[in-house]
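We name chains A, B, ... by the order of the sequence lines, and we start the count at 1 in each one. In what follows, every heavy atom counts, from backbone to side chain, and hydrogens, waters and symmetry copies are set aside.
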Amino acid sequence: MSKRIDVKNLDIYYGAFHAVKNVSMTIEPRSVTAFIGPSGCGKSTVLRTLNRMHEVIPGAYTTGEVLMDDKNLYAKDTDPVDVRRQVGMVFQRPNPFPTMSIRENVLAGVTLNSKRLSKSAADELAEQSLRGANLWTEVKDRLDRPGSGLSGGQQQRLCIARAIAVQPEVILMDEPCSALDPISTLAIEDLINELKSDYTVVIVTHNMQQAARVSDRTGFFNLEATGMPGELVEMDDTQKIFSNPSKPATEDYISGRFG
Amino acid sequence: MSATTAPETPPQQHGKPTKRPGDVLFRGLSTASAFSILLILAGVAIFLVSEALPVFGADPAEVTGGEGFVSYVWPLIFGTLVASLIAMVVATPVAVGIALFVSHYAPKRLGTAIGFVIDLLAAVPSVVFGMWGFQVFAPRLVPFFTWLSDNLGFLPFFETASRTGRTILTASLVLAVMILPIITAVSREVFLQTPRLHEEAALALGATQWEMIRTAVLPFGKPGVIGGTMLGLGRALGETMAVAIILSPGVFTWNLIDSGNITVPAEIALNFPEAAGLRLSELIAAGLVLFGITLGVNLLARWVVNRRAEFSGAN
């Protein structure tokens, strides 16, 4: 599990709107990479190209390459469905399926991928995934209750359990804590730390302290002006970005002088 | 679920809230509307029961058919239920398919156009459907009925084929066309309301378009589809003109592709003008039974929808 991602000359469009220009970067396996930057700079957009979720928006497309262990995710013969099975995603707002129980939610991806599981194997996978998301002890007595009955933080961990149940190579997180209270946020951050021993984790966050706390490497995105495409200003070890960035724009942003 | 402790004493009232004339007026209007519907319903129920009463005390030999009300009414009920159920079974999958196409597959412009056409279908008066069924649809179905009776004639439903096509199956299929728009419209609306977040959750797990629909859209829309189907069923149960025109009525038979059978509304419409005395009571009593069935169907639908309310996503 866990693969390396190379992005080469990626340009992202929403119809005629050029959203992000010329991004090239490398995301290391078994590490946490954070994307930071002001609103509208395209960091979530870039994240969504890593599992080809960008193109589900009508009119949206990309040019350039995203290589996962040297395999181009945007090659002609690559099925986006296969990509998404290898690259899991956790969204900004917790989104467990409301019509499913907690257990069904965890197993949703596995049942989709039309694997036939025996009941015991399914139970084991559900427990293992919920343990992996630090949620097992809280929900083990109510696995048949609706997932929407949990608190926001628990729901988000349920979504993480759902994502890791399909054993992806990479987990993308799009501002996973922005709808959560500080204690739930802490729980998710702890979890991210544990996840990186098995997965490649990429996280978009608005919270610079969070990026500093959880990530090994940080990419700073910015845009010159509203309506202009966003771009990757610089990407480096998190410690370097927050102590001694090489670009003045990064310095300005992390010191709070703008953005 | 969560243990919230109620306050020991109710919060103290700080004087009377000011009454604004607009609020008072609107509250009065909406309360009056709410009660008027109850009054109307009670009025209809009282009318049906009081007018139907004589038939229940009557000498069985005097009721049409000569064997009492129950043996008079059950073939009518049977015809009504069979016609409505066939219509529902035929229409629902087609309607859900159209709704999904419009909401999730078609390019936006095509989807809007198809939605508009479906709405137009709802604007066709039932008597027009009746004439169309009688003139155009029924004769075209004759070869199909003949084929059914030749190949599946061993089943009681397809024993002999009608040569006019004016059968309960024809009426059912026309009913299916008539209830298609309402089921489609309701389903389309709920499918369109599926939260984007849930659709993306399914896609991000590696769902194909169809799997996404199965995981996120259909479960979310299920109560709405059931609701739409019940509206359609209600219309089919009560539909009068189309059935009265198309069906060549007769006594009860299992055979669906020959003349015979009749529905409650058609029976009432065909006989009401000349009915008097006990005959009138019979017809009204038949209407009462239909009223009861429709009520039961609606309660059943509500129960089905509420059974899993916790899982509806509305919380």
Which heavy atom in [X] sits nearest to a heavy atom in [Y], and how many Å separate them?
X        : Y        : answer
A:Val81  : B:Gly206 : CG1-O, 3.2 Å
B:Ala216 : A:Phe97  : CB-CE2, 4.4 Å
B:Leu205 : A:Ala108 : CD1-CB, 4.2 Å
A:Asn51  : B:Ala204 : ND2-CB, 4.4 Å
A:Thr99  : B:Thr215 : OG1-O, 4.5 Å

Interface residues of residues 84-110 of chain B facing chain A - heavy atom cut-off under 4.5 Å: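 Those residues of residues 84-110 of chain B which would need a heavy atom under 4.5 Å from chain A do not exist here.
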Check whether any side-chain heavy atom of B:Pro219 sits under 4.5 Å from a side-chain heavy atom of A:Met100, and report yes or no.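 The answer is no, as the side chains (C-beta and beyond) never meet within the 4.5 Å cut-off.
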Is A:Val56 close to B:Arg196 at the side-chain level, that is, under 4.5 Å between some pair of heavy atoms?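 Result yes, sub-4.5 Å side-chain heavy-atom pair found.
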According to the side chain to side chain donor-acceptor pair (under 3.5 Å) rule, which pairs have a member within residues 173-192 of chain B, sequence neighbours left out?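 Counting only pairs at least two positions apart or across chains, no side chain to side chain donor-acceptor pair (under 3.5 Å) contact touches residues 173-192 of chain B.
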Taking only residues at least two apart or on different chains, which pairs with a member in residues 39-48 of chain A satisfy side chain to side chain donor-acceptor pair (under 3.5 Å)?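 Found A:Tyr14-A:Thr45, A:Ser44-A:Asp174, A:Arg48-B:Glu200.
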Would you call B:Glu211 and A:Arg85 a salt bridge, using N to O less than 4.0 angstrom?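 Looking at A:Arg85 together with B:Glu211, the answer is yes, because their closest N to O distance falls below 4.0 Å.
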Please check if atom [atom1] in [X] has more than 12 non-hydrogen atoms from other residues, nucleotides or ligands closer than 6.0 Å.
X        : atom1 : result
A:Glu194 : CD    : yes
B:Leu299 : CG    : yes
B:Leu29  : CG    : yes
B:Phe26  : CZ    : no

Select one option (side chain, backbone, both, neither) describing which atoms of A:Val83 are under 4.5 Å from chain B's heavy atoms.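 Neither part.
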So what's closer than 4.5 Å to chain B heavy atoms on A:Pro96: side chain, backbone, both or neither?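 Backbone only.
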Could you pull out every donor-acceptor pair under 3.5 Å between side chains of residues 63-74 of chain A and any protein atom, sequence neighbours left out?
residue: A:Asp69; atom: OD1; partner: A:Arg4; partner atom: N; Å: 3.1
residue: A:Asn72; atom: OD1; partner: A:Val66; partner atom: N; Å: 3.4
residue: A:Asn72; atom: OD1; partner: A:Tyr74; partner atom: N; Å: 2.9
residue: A:Tyr74; atom: OH; partner: A:Thr49; partner atom: O; Å: 2.9

For the atom pair CZ (B:Arg214) and CG (A:Leu112), what is the distance rounded to the nearest 0.5 Å?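 That separation rounds to 7.0 Å.
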Could you measure the distance from the CG atom of B:Leu203 to the CZ atom of A:Arg84? Nearest 0.5 Å is fine.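 Result: 5.5 Å between the selected atoms.
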